[in-house]
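Have a look at this one.
None of these values were measured; they are calculated from a predicted model.
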Amino acid sequence: QVQLVESGGGLVQPGGSLRLSCSASGSSFSSYTMLWYCQAPGKQRELVARIGVDSTTYYPPSVKGRFTISRDNDKNTVYLQMSSLKPEDTAVYYCNADGVYWGQGTLVTVSE
């Protein structure tokens, strides 16, 4: 069992930056593929970044070049650095471990 807790969401202006964090409980963090998803109102949850146990990364075209995922296995934490944010990035962002465990989400609002 893994518990995930996201933090770092908030209100940011278009073009701004924000860093999300996801802290994991347990001792097996380094063995998990970690993912970030977002879910906008009325839309399906979408993958925005993935980092493997070997730190290889994947981004969909919608965020590639703007978002960066990283992990710190010593701190059991995965990060999502978001830059050049757009209003359409407004969503609840969720952390996921191995496609199984979910955090509660953190809201990101991009608006003037």
Side-chain angles (χ1 to χ4, degrees):
Q1 188 77 11
V2 176
Q3 291 187 328
L4 303 173
V5 179
E6 301 97 333
S7 61
L11 174 64
V12 62
Q13 292 185 336
S17 298
L18 209 58
R19 188 177 82 157
L20 307 182
S21 300
C22 171
S23 296
S25 65
S27 58
S28 301
F29 177 79
S30 61
S31 68
Y32 293 120
T33 291
M34 298 300 297
L35 308 96
W36 284 98
Y37 286 79
C38 73
Q39 187 167 21
K43 294 188 177 181
Q44 290 187 333
R45 198 168 292 189
E46 299 178 342
L47 177 68
V48 295
R50 183 180 69 224
I51 187 165
V53 296
D54 59 355
S55 292
T56 55
T57 57
Y58 165 80
Y59 307 93
S62 58
V63 305
K64 194 170 185 178
R66 300 191 299 122
F67 290 10
T68 302
I69 189 172
S70 61
R71 66 190 302 160
D72 185 335
N73 290 336
D74 291 335
K75 295 182 178 180
N76 281 13
T77 301
V78 62
Y79 304 98
L80 185 67
Q81 178 69 46
M82 305 185 293
S83 60
S84 302
L85 283 162
K86 307 174 183 179
E88 51 264 43
D89 295 319
T90 295
V92 178
Y93 284 73
Y94 296 91
C95 178
N96 176 280
D98 264 8
V100 175
Y101 304 103
W102 292 94
Q104 83 289 347
T106 186
L107 176 63
V108 173
T109 303
V110 185
S111 175
E112 298 283 1

Hey, does R66 have a side-chain heavy atom less than 4.5 Å from the side chain of M82?
-> no

Which donor-acceptor pairs under 3.5 Å do side chains of residues 51-58 form with protein atoms, sequence neighbours excluded?
unit_1, atom_1, unit_2, atom_2, d
D54, OD1, T56, N, 3.1
D54, OD1, T56, OG1, 2.8

Quick one: do M34 and V2 end up in the same hydrophobic cluster if we chain Ile, Leu, Val, Met, Phe, Trp and Tyr together by side-chain heavy atoms under 4.5 Å apart?
-> yes

Expected output: side-chain T90 to main-chain V110 donor-acceptor under 3.5 Å | yes

Smallest separation among heavy atoms of S17 and S84, with atom names |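 In terms of heavy atoms, the two residues are closest at OG-N, 4.4 Å.
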
Quick one: CG on L18 to CD on Q13, what's the gap to the nearest 0.5 Å?
-> 12.5 Å

How close do S70 and V78 get, heavy atom to heavy atom, and via which atoms?
-> O-CG2, 3.1 Å

How many angstroms lie between OG in S30 and CZ in R71, if you round to the nearest 0.5 Å?
-> 7.0 Å

Heavy-atom neighbours of E88 CD exceed 12 at 6.0 Å |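 More than 12 heavy atoms, drawn from other residues, nucleotides or ligands, come within 6.0 Å of this atom.
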
Please answer: with hydrophobic residues joined when any side-chain heavy atoms are less than 4.5 Å apart, are Y79 and Y59 in the same cluster?
->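 No: no chain of side-chain contacts under 4.5 Å links Y79 to Y59.
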
Locate the shortest heavy-atom distance separating G9 from V108; write the atom from each residue and the value.
->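 So the minimum-distance heavy-atom pair works out to CA-CG2, 4.1 Å.
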
Say whether, by atom type as modelled, one donor and one acceptor occur between the side chain of D98 and the main chain of T33 under 3.5 angstrom.
->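 Yes, because the side chain of D98 sits within donor-acceptor range (under 3.5 Å) of the backbone of T33.
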
Contact list for residues 21-42, test ring-ring contact (aromatic ring centres under 6.0 Å, His included), sequence neighbours left out =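 Sorted pair list: Y37-W102.
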
Is there a donor-acceptor pair under 3.5 Å between the side chain of S25 and the backbone N or O of Q3?
-> yes

Would you say L4 and V100 are hydrophobically clustered, going by side-chain heavy atoms of ILVMFWY under 4.5 Å?
->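 As far as the 4.5 Å side-chain criterion goes, V100 and L4 are connected within one cluster.
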
Which value, rounded to the nearest 0.5 Å, describes the distance between R45 atom CZ and N96 atom CG?
-> 8.5 Å

Kindly compute the distance separating OG (S28) from CG (N73), expressed to the nearest 0.5 Å.
-> 11.0 Å

Of all heavy-atom pairs between L107 and A91, which one has the smallest distance, and what is that distance?
->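 Heavy atoms of L107 and A91 come nearest at CD1-O, 3.6 Å.
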
Which pair of non-hydrogen atoms, one from Y93 and one from D89, has the smallest distance, and what is that distance?
-> OH-O, 2.6 Å

Is there a donor-acceptor pair under 3.5 Å between the side chain of T109 and the backbone N or O of L11?
-> no

Which value, rounded to the nearest 0.5 Å, describes the distance between Y94 atom OH and L20 atom CG?
->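 Result: 13.0 Å between the selected atoms.
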
Is there a donor-acceptor contact under 3.5 Å from the side chain of E6 to the main chain of G105?
-> yes

